[in-house]
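The chain is numbered in sequence order, starting from 1.
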Amino acid sequence: VHLVSRLAFDIEGLGEKTIREFHDAGLIAEPADIFRLHRHEAAIAVREGWGEVSARRLMAGIEARRTIGLARFIYALGIRRIGEQNARLLARHYGSFAQWREQMLAATEVGSDARLALGSILRVGPAIAQELAEFVAVPRNVASMDALAAQLSITDEVAPEGGALAGKLVVFTGSLARMTRPEAKARSEAMGARVTDSVSRKTDLVVLGADAGSKAKKAAELGVRTASEAEWLVMAGVGACLLYTSPSPRDR
């Protein structure tokens, strides 16, 4: 029922009542079976209240949803705490279904790089990371997810094109003078960057504000590129209008 809802697959003609009817009739046992219903079109057509035209229209509605974006797919899985916004964050961060699946399985190991990276994604955090890890730790869930994915074409989440930040993994540390930390993170994401709160070998850029501490040290140890706030403003395309204006409240 959740999978066919408006923010998920949004399949025309397939609502809760029909899902329950087909489930009770043994036509649907798992999510992937929705995309196997074409095998039962003739049987559906003769069911009470249906008919050949209605059955054909339903099949067309299902076929129209065989291609779906990664964010909608993740949301459709019904993982606890993964609403529309968090699904979009995960899709943007991992890019493809294959990468997301691989990293979620790796994140089941507490303390692993994948688990730490997942928990450091902006607005995701450890609690949601725990929910994701628990979901993929159940073999039945992974099998159901894979069966569903096998019926679909899941399109990659494409970062906005252009600019020095597109596709980059960015970390901010220290206090910024020209905008608040949330404003800077939001600006980076709007430019196609992925923002996390921890530095790793996969980090592309660490932006150093005033009083940058352990993250700056770790960036140096790992050889990760760093930039001053002024340099970041230029990358973000806002340097000219912010470098010489009065500072906004500092993010401590």
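The backbone N or O of Ala137 lies less than 3.5 Å from no partner atom in the side chain of Thr108, so there is not a single donor-acceptor pair. The main-chain N or O of Phe135 is found under 3.5 Å from a side-chain atom of Asn141 such that the two form a donor-acceptor pair. Looking at Glu189, its side chain never comes within 3.5 Å of a backbone N or O of Ala186 through a donor-acceptor pair. Side chain of Arg181 to backbone of Gly174: a donor-acceptor contact under 3.5 angstrom is found. No side-chain donor-acceptor contact under 3.5 Å links Lys215 to the backbone of Thr173. A donor-acceptor contact shorter than 3.5 Å is absent between the side chain of Thr18 and the backbone of Leu14. Under the 3.5 Å distance criterion, the side-chain polar atoms of Arg72 are matched with a main-chain donor or acceptor of Ala8. Looking at Arg56, its side chain never comes within 3.5 Å of a backbone N or O of Ala45 through a donor-acceptor pair. Without hydrogens or angle criteria, Ser112 side chain to Glu109 main chain gives a donor-acceptor distance under 3.5 Å. Listed for the Asp10 side chain is no donor-acceptor partner under 3.5 Å among the backbone atoms of Ser5.
Under 4.0 Å is where a charged nitrogen must lie from a carboxylate oxygen, and between Glu21 and Lys17 no such pair does. A salt bridge links Arg80 with Glu131: at least one charged nitrogen is closer than 4.0 Å to a carboxylate oxygen. A salt bridge links Glu63 with Arg66: at least one charged nitrogen is closer than 4.0 Å to a carboxylate oxygen. Salt bridge present: Glu30 and Arg36 bring a charged side-chain N and a carboxylate O closer than 4.0 Å.
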Contacts table for residues 98-105: side-chain donor-acceptor under 3.5 angstrom, sequence neighbours left out:
| unit_1 | atom_1 | unit_2 | atom_2 | d |
| --- | --- | --- | --- | --- |
| Arg101 | NE | Asp146 | OD1 | 2.9 |
| Arg101 | NE | Asp146 | OD2 | 3.4 |
| Arg101 | NH2 | Asp146 | OD2 | 2.7 |

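Between Leu3 and Leu148, some side-chain heavy-atom pair lies under the 4.5 Å cut-off. Side-chain contact between His93 and Thr196 is present, with heavy atoms from C-beta onward closer than 4.5 Å. Contact of the Val171 side chain with the Val195 side chain is not registered, since no non-hydrogen atoms from C-beta on lie closer than 4.5 Å. Using a 4.5 Å heavy-atom cutoff, the side chains of Leu132 and Val136 are not in contact. Put simply, the side chain of Phe97 does not reach to within 4.5 Å of the side chain of Ile68, judged on heavy atoms. Looking at heavy atoms from C-beta onward, Met235 lies in side-chain contact with Leu205 at the 4.5 angstrom threshold. Residues Trp50 and Glu41 are not in side-chain contact: their nearest non-hydrogen atoms beyond the backbone lie 4.5 Å or more apart. Looking only at side-chain heavy atoms (C-beta outward), Leu233 and Arg178 come within less than 4.5 Å of each other.
Hydrophobic clustering (ILVMFWY, side-chain heavy atoms < 4.5 Å, transitive): Ile34 and Leu77 are in one cluster. Two different hydrophobic clusters hold Val206 and Val234 under the rule that ILVMFWY side chains link at heavy-atom gaps under 4.5 Å. Hydrophobic clustering keeps Val124 apart from Val199 (ILVMFWY residues linked when any side-chain heavy atoms are closer than 4.5 Å, directly or through intermediates). Note on Leu116: it does not cluster hydrophobically with Ile128, by side-chain heavy-atom contacts below 4.5 Å among ILVMFWY residues. Met145 and Val138 fall into different hydrophobic clusters, defined by Ile, Leu, Val, Met, Phe, Trp and Tyr side-chain heavy atoms under 4.5 Å apart, directly or through other members.
Between Arg47 and Ala25 the shortest heavy-atom distance is NH1-CB, 3.6 Å. Contact record, Ala87 with Ala71: CB-O, 3.4 Å, taken as the closest heavy-atom pair. Taking each heavy atom of Ala107 and Leu118 in turn, the nearest pair found is CB-CD2, 4.0 Å. Considering every non-hydrogen atom in both Ser200 and Val224, the closest pair reads O-CG2, 3.7 Å. Considering every non-hydrogen atom in both Leu208 and Ala216, the closest pair reads CD2-CB, 3.6 Å. The two atoms that bring Trp232 and Ala184 nearest to each other are CZ2-O, 3.5 Å, heavy atoms only.
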Item checked: From CA spacing to verdict: salt bridge (charged side-chain N to carboxylate O under 4.0 Å, His left out), Glu16, Arg20 -> CA-CA 6 Å; Glu16 180 176 352; Arg20 294 190 182 281; 3.0 Å; yes
Check: Where do Gln130 and Arg81 land on the side-chain contact (heavy atoms from CB on, under 4.5 Å) test, with the steps shown first?
Finding: CA-CA 10 Å; Gln130 178 69 22; Arg81 297 192 185 187; over 6 Å; no
Next item on the list: Walk me through it: do Ser188 and Met191 pass the test side-chain contact (heavy atoms from CB on, under 4.5 Å)?
Entry: CA-CA 5 Å; Ser188 294; Met191 297 292 290; 5.8 Å; no
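Once rounded to the nearest 0.5 Å, the distance linking CG of Leu7 with CD of Glu84 reads 4.5 Å. Here the CG-CD1 distance, from Leu37 to Ile44, works out to 5.0 Å after rounding to the nearest 0.5 Å. For the atom pair CG (Leu89) and CZ (Arg194), the distance works out to 12.5 Å, reported to the nearest 0.5 Å. Between atom CG of residue Asp33 and atom NE2 of residue His23 there is a gap of 9.5 Å, rounded to the nearest 0.5 Å. Atoms CG and CD1, from Leu90 and Ile74 in turn, are 5.0 Å apart once rounded to the nearest 0.5 Å. Here Ile79 contributes atom CD1 and Asn86 contributes atom CG; the two are 10.5 Å apart, rounded to the nearest 0.5 Å.
Taking the six-membered ring for Trp and the full ring otherwise, Phe22 and His40 have centroids separated by 6.0 Å or more. If you look at Phe9 and Tyr75, their ring centroids are not closer than 6.0 Å.
Residue Glu134 qualifies as enclosed at atom CD: its count of foreign heavy atoms under 6.0 Å is above 12.
Applying the side chain to side chain contact (heavy atoms under 4.5 Å, CB included) test between Lys185 and each of Val170, Thr180, Asp197 identifies Asp197 as the sole match.
Shown here are the side chain to side chain contact (heavy atoms under 4.5 Å, CB included) partners of Ser198, two or more places apart in sequence or in another chain: Ser120.
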